[in-house]
Protein chains: 2
Amino acid sequence: MVKKTLKQRIVDASVELFQQDGYHNVTVDRIVEYIGASKGGFYHNFKSKDELLYEIHDVFISYVIQQSQDAYDKYNTPITRLCAMLQTLTQVFDMYQAHITIFYEESRSLSDEYSEIIHKKRDHYRDILQKVIAEGQETKVFRTELPCTIVTMAIVGMINWTYKWFKQSGPLTMEQITDVFTDMVLRAIVTEQAMEEAKQFMIKG
Amino acid sequence: MVKKTLKQRIVDASVELFQQDGYHNVTVDRIVEYIGASKGGFYHNFKSKDELLYEIHDVFISYVIQQSQDAYDKYNTPITRLCAMLQTLTQVFDMYQAHITIFYEESRSLSDEYSEIIHKKRDHYRDILQKVIAEGQETKVFRTELPCTIVTMAIVGMINWTYKWFKQSGPLTMEQITDVFTDMVLRAIVTEQAMEEAKQFMIKG
DNA sequence: TTTTACAAACCGACTAGTCGGTATTTACTT
DNA sequence: AAGTAAATACCGACTAGTCGGTTTGTAAAA
């Protein structure tokens with residue numbers, strides 16, 4: 001049993017509260033009251049409320065980037081890499097739904113200094129996926145009629161949007177949803193000649 | 001040249017300012033100063049800042065619902081209806097990007113009374129699309145292996161997410177993006193036997 | 001004369017951040 | 001091991017500023 005630091009307790013509580021009520025509706029007073037701490041303790045650990053918001057953003061996006069990169073490195077064909085990334089991303093979105101809600105709804109609340117860092121990391125995440133699509137197009141595994149930037153954003157949108165509607169208590173698990181997404185994406189972008197390889201990742205019908 | 005009412009000028013200015021800086025970072029003082037009006041004028045036209053936010057939400061979502069319903073009524077097959085709805089929706093998202101940004105990022109700021117109304121309308125919008133998918137599955141035009149709720153949300157996510165990244169000044173127009181989306185969606189969900197009908201809406205390659 | 005449409009000064013509740021102080025842990029000396 | 005000084009972690013009352021909303025005033029329209 002490791003003793004949780006005050007800092008970690010503040011972050012955990014804030015993630016929960018921010019998700020529920022939004023950054024601007026959660027006061028520092030409420031955060032510290034929620035965990036039975038004080039304002040002094042808060043400002044001992046954070047320069048400002050802004051810095052706390054940044055920390056939450058950074059923990060999440062850094063994790064996503066690392067997971068994406070791992071999925072990329074672990075495989076060596078566009079199709080397997082894409083499937084692994086879809087799998088990984090939806091998994092992360094399942095686990096970190098609260099972080100994601102904050103990430104996408106409160107990023108505007110970040111002050112400029114922090115905003116720039118986060119934006120760069122967000123682009124980095126997208127670039128990893130886009131690279132996979134582009135490489136697949138080069139080897140004629142993915143259809144070249146589709147602009148790879150649009151395909152990338154279509155996939156990102158499809159996945160990211162889950163944070164708005166996915167409920168862990170809902171009728172389908174995230175794994176089942178991932179299978180559907182994977183099927184749809186592969187069918188949409190894989191070329192005729194490569195479809196055979198993709199079949200194993202698709203839903204049997 | 002119609003004289004714009006103060007109310008309309010307030011709405012227009014607020015849409016612009018809210019999109020840029022977010023609801024909570026835009027004060028009533030700033031809005032009225034932006035258009036050279038006064039707080040008295042503001043509160044003569046709106047009960048509260050909340051009501052203004054609601055008005056912006058409602059104008060937009062009501063328009064989306066009407067457009068979706070029109071697209072549904074205008075055609076009579078699942079494929080043509082789906083294509084028309086994709087077309088319509090992306091068009092709306094092109095024109096109303098500022099409204100959408102507010103719609104999706106500030107809906108939490110709505111007070112409960114307004115929030116409920118907006119939520120119902122949002123569900124209504126989704127139901128129209130889901131109905132098209134379900135009907136297509138019943139007539140074996142769309143693949144029944146895919147749960148229609150997930151397909152619906154995948155499409156909604158793909159389209160909605162455009163508000164985060166689409167730039168009118170970017171390399172592709174919204175029409176071109178729509179063509180790509182339509183192609184991807186049709187390829188993903190149309191059955192073998194119905195693919196022939198869908199071909200005309202897809203990108204030639 | 002009454003109502004409408006706005007203007008401008010004003011108010012009070014709320015909140016991020018401060019500051020002086022106290023408890024607790026660490027680091028060093030003997 | 002004991003003592004102690006310094007650094008670290010934390011507390012909570014207070015403040016300065018902000019912002020939604022109100023009140024009072026006024027000029028034109030009806």
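Of the residues in residues 15-37 of chain A, A:Ala37 come within less than 4.0 Å of DNA chain D through at least one heavy atom, sorted by number. Taking a 4.0 Å limit (strictly below) on heavy-atom distances, residues 42-57 of chain B reaches DNA chain D at B:Tyr43, B:Ser48, B:Lys49.
Summarising the geometry, the separation between CG on A:Leu6 and P on D:dC11 is reported as 6 Å, rounded to the nearest angstrom.
Judged by distance alone, with hydrogens and angles left aside, A:Lys39 brings a side-chain donor or acceptor within reach of the base of C:dA16, the pair sitting under 3.5 Å.
At least one cation-pi condition fails for A:Lys164 and B:Tyr104: the charged atom is not both under 6.0 angstrom from the six-membered ring centre and inside a 45 degree cone around its axis.
Using modelled atom types, one side-chain atom of A:Gln137 and one backbone atom of A:Leu146 make a donor-acceptor pair closer than 3.5 Å.
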Under 3.5 Å, N/O pairs linking protein and nucleotides 24-30 of chain D:
none

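Contact check on A:Asp29 versus A:Lys39 returns a salt bridge, with a Lys/Arg side-chain nitrogen under 4.0 Å from an Asp/Glu carboxylate oxygen. The pair A:Asp127-A:Lys131 does not count as a salt bridge, with every side-chain nitrogen at least 4.0 angstrom from each carboxylate oxygen. The pair B:Arg81-B:Glu135 meets the salt-bridge criterion, with a side-chain N (NZ, NE, NH1 or NH2) lying under 4.0 Å from an Asp/Glu carboxylate O. Using a 4.0 Å cut-off between charged side-chain N and carboxylate O, A:Glu55 and A:Lys7 make a salt bridge.
Residues that satisfy the side chain to side chain contact (heavy atoms under 4.5 Å, CB included) test with A:Thr152, not counting sequence neighbours, are A:Arg126, A:Leu129, A:Gln130, A:Ile133, A:Val156. With sequence neighbours left out, the salt bridge (Lys or Arg N to Asp or Glu O under 4.0 Å) criterion links B:Glu138 to no other residue. B:Lys121 is linked by a salt bridge (Lys or Arg N to Asp or Glu O under 4.0 Å) to B:Asp58, counting only residues two or more places apart in sequence or in another chain.
B:Thr90 pairs in a side chain to side chain donor-acceptor pair (under 3.5 Å) with only one of the listed residues (B:Asp179, B:Thr178, B:Thr162), which is B:Thr178.
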